[in-house]
Amino acid sequence: MKYYIMFGPPGAGKGTHAVALRDKYNLCHLSTGELLRAEIAAGTGLGIKAKALIEKGNLVPDEMVEKMIEKRFNTIDDVQGFLLDGFPRTLGQAADLDKMLAERGESVTAVISLMIPDEMVHARIRGRAAVEGRVDDASDVVIQNRINTYHAQTEPLIEYYSKQGKYFEVDADAPTIEENRARVLGLMEKINK
Ligand code: AMP
């Protein structure tokens with residue numbers, strides 16, 4: 001099994017480009033954000049706990065997302081691999097993912113990092129808010145908190161995976177989705193050579 005990580009700040013296009021990679025490489029796309037939003041919509045206990053944190057732009061506890069991911073690793077096997085979107089987001093989650101995979105005799109294959117400047121995050125998310133109606137996309141204060149959280153808690157993963165030679169970055173700042181998708185697909189080809 002391959003284990004790819006879609007990495008980058010909020011609004012970088014992780015979910016959008018994950019779909020193209022999923023279809024081309026027969027991967028299971030696991031977005032922790034989407035899984036959490038499904039729990040919220042279903043009104044589960046986990047969803048109720050997650051909602052309050054997500055609405056403020058804070059991360060949910062590591063173990064909450066790790067359980068959701070592990071459950072899928074245990075039940076999905078009709079694919080070539082997994083495409084993790086929005087996970088891991090902390091050094092703790094990265095270490096736990098390594099353990100989870102080591103127990104299966106597996107390891108992270110590569111990190112596909114989509115880079116966009118902070119100013120672009122605001123513009124992209126404002127555009128998305130109009131289409132998807134996510135509560136955490138609606139307020140500039142919450143968006144800024146998510147950007148700050150990304151820099152403080154998620155960015156250290158760049159060094160973590162660079163040291164392992166698994167970090168691959170692409171500028172995802174082109175004006176059109178098609179151009180950015182071509183860049184992401186190009187990077188993936190390079191990784192798999
Ligand atoms: P996303 O759809 O990836 O932007 O995620 C939406 C929100 O879900 C984030 O702002 C966090 O509050 C929460 N979330 C998603 N993935 C994680 C994760 N790996 N760790 C902690 N919180 C997460």
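What you are looking at is a predicted structure, and each value in this text was computed from that prediction instead of being measured. We number each residue from 1, following the sequence as shown. Just the heavy atoms: all of them, side chains too, but no hydrogens, waters or symmetry mates, feed the values below. Both ligands and their constituent atoms are indexed starting at 1 by order of listing.
- Ligand 1 places these atoms under 4.0 Å from at least one heavy atom of Asn58: 11 (C), 12 (O).
- Some N or O of Val60 is nearer than 3.5 Å to an N or O of ligand 1, by distance alone.
- Counting non-hydrogen atoms of neighbouring residues, nucleotides and ligands closer than 6.0 angstrom, the CD1 atom of Ile177 reaches no more than 12 such neighbours.
- The contact set between ligand 1 and Thr32, taken as ligand atoms under 4.0 Å from a residue heavy atom, comprises 15 (C), 16 (N), 17 (C), 19 (N).
- Using modelled atom types, one finds no donor on one side chain facing an acceptor on the other under 3.5 Å when comparing His17 with Asn180.
- By heavy-atom distance, the residue among Arg89, Gln93, Lys14, Glu34 lying nearest atom 3 (O) of ligand 1 is Arg89.
- Considering only non-hydrogen protein atoms, atom 2 (O) of ligand 1 sits nearest to Arg37 NH1, 3.0 Å.
- With ring centers used as reference points, Phe73 lies under 6.0 Å from Tyr3.
- Residue-to-ligand polar distances keep Leu59 apart from ligand 1: every N/O pair is separated by 3.5 Å or more.
- In this structure, Arg146 pairs ionically with Asp137, as a charged nitrogen and a carboxylate oxygen lie closer than 4.0 Å.
- At least one side-chain heavy atom of Arg126 sits under 4.5 Å from a side-chain heavy atom of Asp140.
- If you look at Arg134 next to ligand 1, the close heavy atoms, those under 4.0 Å, all belong to the side chain.
- Atom numbering of ligand 1 starts at 1 in the shown order; those under 4.0 Å from a heavy atom of Leu36 are 8 (O), 13 (C), 14 (N), 15 (C).
- Atoms of ligand 1 lying under 4.0 Å from any heavy atom of Ile54, numbered from 1 in the order shown and given with element: 8 (O), 12 (O), 13 (C).
- Closest to atom 10 (O) of ligand 1, if we only count protein heavy atoms, is Arg146 NE, 4.0 Å.
- For CD of Glu63, the number of neighbouring non-hydrogen atoms (other residues, nucleotides, ligands) closer than 6.0 Å is 12 at most.
- Contact of the Leu27 side chain with the Val79 side chain is not registered, since no non-hydrogen atoms from C-beta on lie closer than 4.5 Å.
- Residues Thr90 and Gln153 have side chains that never bring a donor and an acceptor to within less than 3.5 angstrom of each other.
- Assignment of Met64 to the shell around ligand 1 is not supported, since no heavy atom sits closer than 4.0 Å.
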